[in-house]
**Student:** 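The structure is given below, and queries will be raised subsequently.
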Amino acid sequence: MGKAIIQLAGIKIYRNRRPVLDIDNMTVTAGEMVALAGANGAGKSTLLQVINMLLPYQQGTLTLFGQDAAKYGRENARFYSAMMFQETLLVRGTVYDNVALPLKFRGCPDSQIAEKVTAALATFRCQHLARRQANQLSGGEAQRVGLARAIVYQPQLLLLDEPFAALDAASRTAILSDLRQVAMQNKLTVLLVSHNFNDVLYFAERVVVLEGGRIVQDECPEAVLRRPATQAVANLVDMDNILPCQVECSGSSVMIRLPGGIEFSKNAPAPARPSACCLPGDAIYILNQSPMRECRPFITLNGTISAITPGIGAYKVSIKSSCLALTLRAPREQTSGLSLGDNIEVGFNPDEIQLV
Ligand SMILES: Nc1ncnc2c1ncn2[C@@H]1O[C@H](COP(=O)(O)OP(=O)(O)OP(=O)(O)O)[C@@H](O)[C@H]1O
Ligand SMILES: [Mg+2]
């Protein structure tokens with residue numbers, strides 16, 4: 001395991017006497033690319049502000065770069081980190097002036113400034129903008145310049161609070177891809193707040209999910225996507241099926257009852273008071289055409305197709321039975337023979353179910 005860059009222990013923040021952040025333990029090591037996810041108001045920006053020492057904490061310890069941040073001091077901590085917000089705060093003057101500014105603040109010799117600014121602009125493909133006025137850039141250009149300015153003094157830690165939220169999907173993917181490459185090449189530690197789970201999947205190797213100021217899940221993106229820890233996380237990742245259910249635990253096995261008399265057991269620990277089961281759409285198979293038919297026993301049910309939604313990679317098919325609505329995802333060739341109103345038999349393996 002690498003060197004710890006950020007360590008929080010027992011950190012609590014109250015706002016208007018209301019607890020808004022309560023982190024028992026969280027460690028980010030050198031070179032990690034971590035996404036911070038959570039619904040509006042979950043505490044993501046608050047956490048980033050604590051780490052950047054913009055917000056004093058009432059309890060607990062924050063350790064940055066191996067030293068107690070309270071003693072180490074705000075200015076020193078900031079020396080090694082950079083933060084970016086949704087709105088890039090560029091100052092008056094040219095793009096070049098903006099990117100040179102943090103170097104001047106840090107007392108970089110004039111003879112080195114031009115080379116460093118040019119290299120930082122080139123890293124984010126915006127060297128052609130150097131002579132432009134910073135207030136005349138498009139949103140995407142401004143964010144690229146903001147990133148160049150953030151990395152020009154080679155910080156060890158980059159804190160990003162949804163800086164790409166306003167960009168179109170293609171621009172976001174391109175900028176995230178450049179950022180990922182820069183971070184990997186320079187062993188830069190990055191904490192990226194994002195609402196968009198596609199961005200998280202694209203960028204991060206670890207996701208910390210906040211709910212009501214607490215960490216509810218801290219895993220790789222795929223685990224969060226397929227096995228969300230709570231219903232709120234399931235909503236966040238846009239889980240295809242969140243089905244109300246009743247659960248009875250006996251030892252290590254649980255009996256799950258879905259509406260319509262569908263019941264099955266599953267060997268897995270259940271959370272404290274589960275009330276729903278999550279099932280990704282690609283874990284539901286159309287039985288009369290899927291090779292998975294051989295893999296029974298499946299839980300099967302019949303239903304009528306109520307919607308077919310095209311998509312790149314997979315089509316979504318909504319099925320209604322008397323008591324249950326399910327959404328499955330299947331490749332286009334598997335859905336091309338289907339029509340609205342068709343009755344089909346579908347099945348799923350109970351092991352794919354995640355209780356929340
Ligand atoms: N300046 C403030 N004064 C009082 N309460 C605040 C302040 N800023 C944030 N809060 C509250 O703290 C909680 C956490 O807010 P925070 O901004 O960290 O959420 P967030 O996860 O970043 O949300 P979003 O996705 O909307 O940006 C919310 O309940 C919010 O209302
Ligand atoms: Mg926020």
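Because the structure is predicted, anything quoted here is derived from the model rather than measured. Read the numbers this way: they start at 1 and go in the same order the structure lists the ligands and their atoms.
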**Student:** How are the rings of Tyr285 and Phe298 set relative to one another: parallel (under 30°), tilted (30 to 60°) or perpendicular (over 60°)?
**Tutor:**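 Ring orientation of Tyr285 relative to Phe298: parallel.
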**Student:** Could you find the nearest protein heavy atom to atom 15 (O) of ligand 1 and give me its residue, atom name and distance?
**Tutor:**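 I find the closest protein heavy atom is Thr46 OG1, 3.7 Å.
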**Student:** Just so I know, are the side chains of Ile305 and Ile344 near enough to count as touching, which here means a heavy-atom distance under 4.5 Å?
**Tutor:**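 They are in side-chain contact.
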**Student:** Please confirm whether Gly213 approaches ligand 1 to less than 4.0 Å, judged on its heavy atoms.
**Tutor:**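 Checking ligand 1 against Gly213, which is what was asked, there is no heavy-atom contact under 4.0 Å.
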**Student:** Same cluster for Val152 and Leu158 if Ile/Leu/Val/Met/Phe/Trp/Tyr side chains link at under 4.5 Å?
**Tutor:**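 No, separate clusters.
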**Student:** Using the rule that Ile, Leu, Val, Met, Phe, Trp and Tyr join whenever any side-chain heavy atoms are under 4.5 Å apart, tell me whether Leu54 and Met84 fall into a single cluster.
**Tutor:**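 No, Leu54 does not connect to Met84 through the hydrophobic network.
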**Student:** For ligand 1, is there an N or O atom under 3.5 Å from any N or O atom of Gly38?
**Tutor:**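 Gly38 vs ligand 1: no N/O contact under 3.5 Å.
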**Student:** Cluster question for you: counting only ILVMFWY and a side-chain heavy-atom cut-off of under 4.5 Å, with indirect links fine, are Leu36 and Val190 together?
**Tutor:**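 As far as the 4.5 Å side-chain criterion goes, Val190 and Leu36 are not connected within one cluster.
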**Student:** At under 4.0 Å between heavy atoms, is it the side chain or the backbone of Lys44 that contacts ligand 1, or both, or neither?
**Tutor:**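 Both parts.
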**Student:** Quick check: does Ser45 put an N/O/S atom under 2.8 Å from the Mg ion (ligand 2)?
**Tutor:**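 So Ser45 does bind the Mg ion (ligand 2) by this criterion.
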**Student:** Please report which non-hydrogen protein atom sits nearest to atom 6 (C) of ligand 1, along with the residue it belongs to and the distance in Å to one decimal place.
**Tutor:**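 Ranked first by proximity to atom 6 (C) of ligand 1 is Arg15 CD, 3.3 Å.
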**Student:** Check Asn16 against ligand 1 and report side chain, backbone, both or neither, counting heavy atoms closer than 4.0 Å.
**Tutor:**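 The side chain, only.
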**Student:** Val20 versus ligand 1: do any nitrogen or oxygen atoms come within less than 3.5 Å of each other?
**Tutor:**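 Between Val20 and ligand 1 (N or O atoms, distance only) the closest approach is not under 3.5 Å.
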**Student:** Out of Glu211, Gln86, Arg18, whose heavy atom sits nearest atom 30 (C) of ligand 1?
**Tutor:**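 Closest candidate by heavy-atom distance is Arg18.
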**Student:** Quick check on the hydrophobic clustering: are Tyr202 and Met33 connected, directly or via other members, by side-chain heavy-atom contacts under 4.5 Å?
**Tutor:**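 Yes.
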